[in-house]
Amino acid sequence: MSLALYNSLTRRKAPFTPLNPERVTMYVCGPTVYNRVHIGNARPAVVFDTLFRLLQTQYSNVVYARNITDIDDKIMNTAAASGEDISELSTRFAQAYFDDMAALNCLEPSIIPYATQHIPEMISMIERLIAKGHAYSADGHVLFAVQSMPNYGALSGRSLEDMLAGARVEVAEYKQYAGDFVLWKPSADHEPGWQSPWGYGRPGWHLECSAMIEKHLGETIDIHGGGQDLIFPHHENEIAQSCCANDGQPVARYWLHNGFINIDGEKMSKSLGNFRMVNDLLKQYPGEVLRYVILSSHYRSEQNFGKELLDSAWRSLDSLYGYLRGVPAGTAKLNKASAGYQALLDDLNSPVAISELYRLGKEMHAAEGEQQAQLRDELLGLSDIMGLLQQDADQWFKNIRGDQGISEADIEALIVERQQAKANKDYTGADKVRQDLLDQGVVLEDSREGTSWRRS
RNA sequence: GGCGCCGUAGCAAAGUGGUAAUGCAGUGGACUGCAACUCCGCCAUCGUCGGUUCGAUUCCGACCGGCGCCUCCA
């Protein structure tokens, strides 16, 4: 089976065929950098990183771009509130985002374009849209005229009338039509901005993606991804801008959208105060645990994050690493005929692929010698696509869990002490040592070769 | 009001027109000085009610319950 993807535009799953197999292109909407990112931002990063890895098993040249939105009213407000320079603030949080995503085993995208570095391209696109009758300037703004585009609303599946019927926002008086959206807006003197044919101002939110896609990836890309909340208005407007600027050329052929993450059954929101920042979670859980949780459900479904889920994911990963522990290190080797790989090709069915990890792990554990080595390599080949099992198994169990733990030297010393007690048939003493260690999160495992330990 | 999504064991989560993968937890047993690890076994009829069908968790309809989006940046 070859890769099949669910396309939000057609609302169905279809075989993926790139425009140019020699250069497969993917663009994913990255964060607006005005704060630490929350776990909801991590989902698209992990999901599309997995797709990036998967595509690379099929095509030799995959170009993956994920942008940084570094000009935006939210950034301006945050900077104004703290007095920090806007570029310093956005640079700081962009780096924080990179750090967080790296902790989740996300590969670096091929290209990381920044909005502020593409102002000329955006201005040029606006000029084209005006020239072609799709945009107009009014009162220092430039607006996209949605009525000039016949099938505006195709992605989100709504008609202009429907959208306006439910509109709950007052219509600015400079708009010719209530549904028109901003391409360029004026900045006050003290606000960040750039000179343009329409005066000092800054770009509208949607424009950067259209301009950067065109510049770095081309008029029409293969895959465009992002969170479900971006379907409307962001992606709808991106389509409008790019398509109209390029005489009807589609901007993306496959639109992929991941579902939301909720916290304990509720949407993350400021009013509920239930944002889960990736950085905070990383203080309690290895990044791989967060990644495992994200991949343990299908990317299009809603996912509910909670402590129980995270703890259980950690124990689940312990099982997988447990199978690998004691098996000599190997080299990942992808078996393209395997059920796990086929599951990933089927619209990224990571839950099934993960279940195959267990099957392979069990088989490997029961096997010996060359057969075991083969199964190990196959296991690693599959887990590599998902960015899981990226650590040495022994190390996984020795890493300190939580805030702090007893040192390795102290553990070893206590084990020696217990051996002595056992040799003296002082089982009460031996058990006490074990219980003491257990109380500190260390589990002892006796075997013919001696006593080993792990943190739990 | 408009558009759309979801409802599978304690917690998660796949899946299929022919009686439901997998993980965690639980539980019975083997192993162990006792444990841990590991192994063997057990643990669901798929929100409710109708319809279509030889047969539905899977298709259709209704209902109940939960949720998302509906434009200038919450």
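Just so we're on the same page: letters track the sequence lines, and every chain starts at 1. Computed from a predicted structure; not experimentally measured.
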For this session: Grab the CD1-C1' distance between A:I231 and B:C70 for me, whole Å please.
Result: 12 Å
Exercise. Heavy atoms under 4.0 Å, any strand shown: does A:F260 hit a base, just sugar-phosphate, or nothing?
Worked result: sugar-phosphate
For this session: Give the nucleotide from the list B:A74, B:G33, B:A21 with an atom nearest to the side chain of A:Y427.
Result: B:G33
Problem set entry | Rounded interatomic separation in angstrom, taking CD1 from A:I263 and P from B:A12 | 13 Å
Exercise. Picking from B:U71, B:C39, B:C24, which would you name as closest to the side chain of A:K362?
Worked result: B:C39
Problem set entry | Comparing A:K422 and A:S297 on RNA chain B - which has the more 5′ nearest nucleotide | A:S297
Exercise. Can you check the A:K425 NZ to B:C34 P distance for me, whole Å?
Worked result: 12 Å
For this session: Look at the rings of A:F181 and A:H206 and say which category their plane angle falls in: under 30° parallel, 30 to 60° tilted, over 60° perpendicular.
Result: perpendicular
Exercise. Would you say the side-chain atoms of A:R418 pair up with the backbone N or O of A:G429, donor to acceptor, closer than 3.5 Å?
Worked result: no
Exercise. Just wondering, are more than 12 heavy atoms of other shown residues or ligands nearer than 6.0 Å to CD in A:Q395?
Worked result: yes
For this session: For B:G41, give its Watson-Crick or G-U wobble partner with both distances under 3.5 Å, or none.
Result: B:U27
For this session: Please check if the distance between the ring centroids of A:Y200 and A:W194 is under 6.0 Å.
Result: no
Exercise. When all nucleic acid strands are considered with a 4.0 Å heavy-atom cut-off, which category describes A:Y323: base, sugar-phosphate, or nothing?
Worked result: sugar-phosphate
Exercise. CZ of A:R300 versus P of B:G4: gap in Å, rounded?
Worked result: 16 Å
Seminar exercise, completed: Regarding the side chain of A:K74, the nearest nucleotide among B:G23, B:A74, B:A36 is B:A74
Exercise. Is A:D229 side chain donor-acceptor paired with the B:G68 base, going by distance under 3.5 Å alone?
Worked result: no
For this session: Identify whether any heavy atom of A:R202 sits under 4.0 Å from a base atom; if not, whether one sits that close to sugar-phosphate; answer base, sugar-phosphate or nothing.
Result: nothing
For this session: State the OH-CD distance between A:Y152 and A:E236, to the nearest 0.5 angstrom.
Result: 5.5 Å
Problem set entry | B:C54 and B:G66, which share atom name C1', separated by this distance in whole Å | 36 Å
For this session: Report yes if the distance between the aromatic ring centroids of A:H234 and A:W205 is under 6.0 Å, otherwise no.
Result: yes
Problem set entry | A:N349 side-chain proximity, nearest of B:U71, B:G15, B:A36 | B:G15
For this session: Using a 4.0 Å heavy-atom cut-off across all strands, classify A:N262 as base, sugar-phosphate, or nothing.
Result: nothing
For this session: With a 3.5 angstrom cut-off on both distances, give the Watson-Crick or G-U wobble partner of B:G33, or none if there isn't one.
Result: none
Seminar exercise, completed: When rounded to whole Å, the OH to P distance for the pair A:Y152 and B:U71 reads 10 Å
Exercise. Heavy atoms under 4.0 Å, any strand shown: does A:F181 hit a base, just sugar-phosphate, or nothing?
Worked result: base
Exercise. Any chance CD of A:E191 has more than 12 other-residue heavy atoms, nucleotides or ligands included, within less than 6.0 Å?
Worked result: yes
Exercise. What about A:H257 and A:H235, are their ring centers closer than 6.0 Å?
Worked result: yes
Problem set entry | Shortest side-chain distance from A:R11, nucleotide among B:G4, B:A74, B:C72 | B:G4
Exercise. Picking from B:C73, B:A21, B:U71, which would you name as closest to the side chain of A:D73?
Worked result: B:C73
Exercise. Of all the nucleotides listed (B:A12, B:U38, B:G33), which has the minimum atom distance to the side chain of A:N304?
Worked result: B:A12
Exercise. Over how many whole Å does the gap from A:R291 atom CZ to B:G23 atom P extend?
Worked result: 21 Å
Exercise. Taking RNA chain B as the partner, which of residues 446-456 of chain A come within under 4.0 angstrom of it by heavy atom?
Worked result: A:D446, A:R454
Problem set entry | Pair A:F16 + A:Y254: ring centers closer than 6.0 Å | yes
For this session: Report the distance from atom OG of A:S383 to atom CG of A:L388, rounding to the nearest 0.5 Å.
Result: 6.5 Å
For this session: If B:G7 has a Watson-Crick or G-U wobble mate with both distances under 3.5 Å, name it; if not, just say none.
Result: B:C64
For this session: Report which part of the nucleic acid A:H206 touches: base, sugar-phosphate, or nothing (heavy-atom distance under 4.0 Å, all strands).
Result: nothing
Distances for protein N/O vs nucleotides 8-11 of chain B N/O pairs under 3.5 angstrom?
none

Exercise. Once the angle between the rings of A:H224 and A:W255 is folded into 0 to 90°, is it parallel (under 30°), tilted (30 to 60°) or perpendicular (over 60°)?
Worked result: parallel
Exercise. With respect to the side chain of A:S319, which nucleotide from B:G23, B:G33, B:A21 is positioned closest?
Worked result: B:G23
Problem set entry | Minimum-distance nucleotide (side-chain atoms of A:D431 versus B:A36, B:A13, B:C34) | B:C34
For this session: Please determine if a side-chain N or O atom of A:N77 lies less than 4.0 Å away from the OP1 or OP2 oxygen of B:A74.
Result: yes
Problem set entry | Spacing of A:E208 atom CD relative to B:C72 atom C1', expressed in whole Å | 14 Å
For this session: Tell me which of A:T428 and A:K185 sits closer to the 5' end of RNA chain B, going by the nucleotide each one is nearest to.
Result: A:T428
Problem set entry | Closest listed nucleotide, where the reference is the side chain of A:H365 and the choices are B:A36, B:U38, B:A21 | B:U38
Exercise. Across all strands, who's sitting opposite B:A12 as a Watson-Crick or G-U wobble pair, both distances under 3.5 Å?
Worked result: B:U22
Exercise. Within the pair A:S301 and B:A14, is there a side-chain N or O less than 4.0 Å away from OP1 or OP2?
Worked result: yes
Exercise. Would you say the side-chain atoms of A:Y174 and A:H141 include a donor-acceptor pair closer than 3.5 Å?
Worked result: yes
Exercise. Base, sugar-phosphate, or nothing for A:V182, non-hydrogen atoms under 4.0 angstrom?
Worked result: base
